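Remarks on the structure that follows.
The structure presented is a predicted model; accordingly, all values stated were derived computationally and were not measured.
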Amino acid sequence: MLLISCVNQDKNKGDRKEGQKDQLILAIGGEPDNGFDPTTGWGQYASPLFQSTLLKYDQDFNIVNDAAVDYKVSEDGLKWTVQLRDDIKFSDGEPLTANDVVFTFKTAKNSASIVDLTNLSEVEAIDSYTVVFTLNSRNSTFIHHLTSLGLVPEHAYDNSYNENPVGSGPYILVQWDRGQQLILKDNPYYYGKKPYFKKLIFLFLSQDAAFAAAKAGQVDMVSVTPSLAEEKVEGMKLLSLKSVDNRGVVLPFVPNEGKTVNGRAIGNNVTSDIAIRKAMNIGVDREALVNGILKGYGTPAYSIADHLPWWNPESEIKNGGDLEKAKEILEDSGWQENKNGIREKNGVKAEFTLLYPSNDRTRQSLSIAFADMIRPLGIKVTVKGKNWKGIEKELHSSAVLFGLGSHDPLELYNAYSSKVKGQGYNNSNYYANEVVDAYFEKALSATSQEQANTYWKKAQWDGKTGFSNKGDAPWVWLVNIDHLFLVRENLIIGPQKLQPHEHDWPITDFIENWHWEVNKKRSKEQ
């Protein structure tokens, strides 16, 4: 009933094929569980839509201004001074000032959410349009908060803000029917490029229902799985966006010595052996995983941040799926095959469990394929699907098929720093390398992004050690998943960034550039 209602409303505005309507119907993912409050996490992976950010990334990951016109970092790296535009209004017509920025960051700091501002000592308004942030310690990744934290109005913020956001972004929330749809209209006070589309309708449908809606001509854009990507839908084209939305196997790095944390075992006597980790990294055929599981819609993954500015390309494995070289590594390190074809060393059999979230078909398929690929090496992997609560009980002692992918290099730190090992999902395998930790500290204390990236790369591999597969190999990264959409043929969305993990609809990052193609010709850019 809901979908039919939306479509009928659309038809009254004119024929979609004529490219004249100024609204879009989108089915591009689920709704956020916690609503649209940036101070508790909304917009961390994409544009917050309803709110402005101080800075933002362009398509090439250059940092450009949004609500700010300039920012400066003091020589000691502790004070960040941001100058605001003086012409911004919230969607209720009230001006955005430095006080709103201060309120936003203080609220986020106290929210106990995924927005981690523990390093922020103080934020204060110097005048109506100047804000100074003071950090406890130098941290180059603080800039991510300036690019991702949407600004909220002090005068219009209350306990229901997450359901009724007032902001200074390009769109206003008009109606939210939980589990069904979200209706947006353009913000008349928006200071940036005015979006072409005056109204957006997000439908929250299952994958099958969304695809059916596309075939029925009832949506303008729909996210699809690789298995549906080759299906022809009249009037629609396939849009495939490259991503750093990766999937990989995290391997317990330390041996099982009877240690526990919160009653959970730590370590594994098989995956703690570097020969096992190296052999699997070399033996797995990533291209085959892309072509088989992802139907070609993806790329081999070699790190947590492939092709981002802080990625070290030396982590790329040139000859993946090299079983003979992998076997040689195992042989040379004392792992010998027994009569059952399972390798043993010092009485330990090369067997371990790989867990995946049971509601994720792609991770299930990748887990099974990974186990099959490394079985010829004499390594037996038992694959089990569990919910996340079940996985958490074995997080530090079993291998887990994880998915990551962020536009913030701090994700490297959270995955590999010994200072955060065992803290929630951070460094769940208890990886530790003093050299890597030292590079992390230098990256965090850098006063420029270029300098920081040099140390992020060295932490991956400096020619002698690092956390990549060239070094300690605590993960086996498998694939980066393309984000796939069926899009109305004459809808142009323009160039996009390398996509992050698929939270918060990252495809909407540059939605102000979306428009109908005037001449109805296929766009060369897509």
Side-chain angles (χ1 to χ4, degrees), residues 31-56 65-69 71 80 82-120 122-133 142-176 182-192 195 200 408 503-505 508-509 511-512:
E31 63 189 328
D33 294 332
N34 299 319
F36 306 99
D37 184 351
T39 69
T40 59
W42 162 249
Q44 287 296 296
Y45 285 86
S47 166
L49 275 175
F50 310 108
Q51 296 92 5
S52 305
T53 53
L54 293 171
L55 305 171
K56 59 184 178 181
N65 294 324
D66 189 2
V69 293
Y71 78 97
W80 294 57
V82 178
Q83 189 71 34
L84 301 174
R85 294 176 61 133
D86 60 5
D87 60 347
I88 300 178
K89 291 183 179 180
F90 288 107
S91 54
D92 61 0
E94 293 295 315
L96 185 155
T97 70
N99 288 333
D100 297 300
V101 177
V102 171
F103 176 79
T104 297
F105 278 77
K106 285 186 174 181
T107 303
K109 179 179 172 65
N110 296 324
S111 68
S113 70
I114 64 170
V115 184
D116 184 3
L117 284 169
T118 53
N119 190 40
L120 179 61
E122 185 178 11
V123 53
E124 55 185 336
I126 301 303
D127 57 41
S128 296
Y129 300 104
T130 307
V131 181
V132 175
F133 301 89
F142 180 71
I143 200 167
H144 175 71
H145 295 298
L146 306 187
T147 64
S148 65
L149 183 52
L151 304 176
V152 302
E154 184 175 14
H155 70 274
Y157 186 89
D158 56 26
N159 291 334
S160 65
Y161 180 86
N162 65 320
E163 297 181 351
N164 302 284
V166 173
S168 51
Y171 284 96
I172 301 172
L173 192 156
V174 175
Q175 180 178 332
W176 183 13
L182 185 75
I183 300 176
L184 282 57
K185 69 176 182 180
D186 65 317
N187 179 3
Y189 295 108
Y190 184 53
Y191 57 92
L200 303 176
D408 183 359
H503 301 303
D504 302 345
W505 314 318
T508 63
D509 254 0
I511 200 164
E512 66 275 12

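Using bins of under 30°, 30° to 60° and over 60° for the plane-to-plane angle, the ring pair F142/F105 lands in the tilted bin. Using the six-membered ring where Trp is involved, W505 and F36 have ring planes that are tilted, between 30° and 60° apart.
For N159, the CG atom counts as loosely surrounded, since its 6.0 Å shell holds 12 or fewer non-hydrogen atoms of other residues, nucleotides or ligands.
For the pair D116 (side chain) and T118 (backbone), a donor-acceptor distance under 3.5 Å is present. Of the possible polar contacts, one joining the Q83 side chain to the Y129 backbone as a donor-acceptor pair under 3.5 Å is found.
At a threshold of 4.5 Å between non-hydrogen side-chain atoms, the residues Y189 and P95 do not count as touching. Looking at heavy atoms from C-beta onward, N162 lies out of side-chain contact with T40 at the 4.5 angstrom threshold. With a 4.5 Å cut-off on side-chain heavy atoms, T53 and L146 do not count as touching. Taking the side chain as every heavy atom from C-beta outward, I511 and L200 approach each other to under 4.5 Å. Between R85 and V69, the closest side-chain pair of non-hydrogen atoms falls below 4.5 Å. Between L182 and E31 there is no side-chain heavy-atom pair separated by less than 4.5 Å.
Applying the salt bridge (charged side-chain N to carboxylate O under 4.0 Å, His left out) test to residues at least two apart or on different chains, the pairs with a partner in residues 150-168 are E163-R178.
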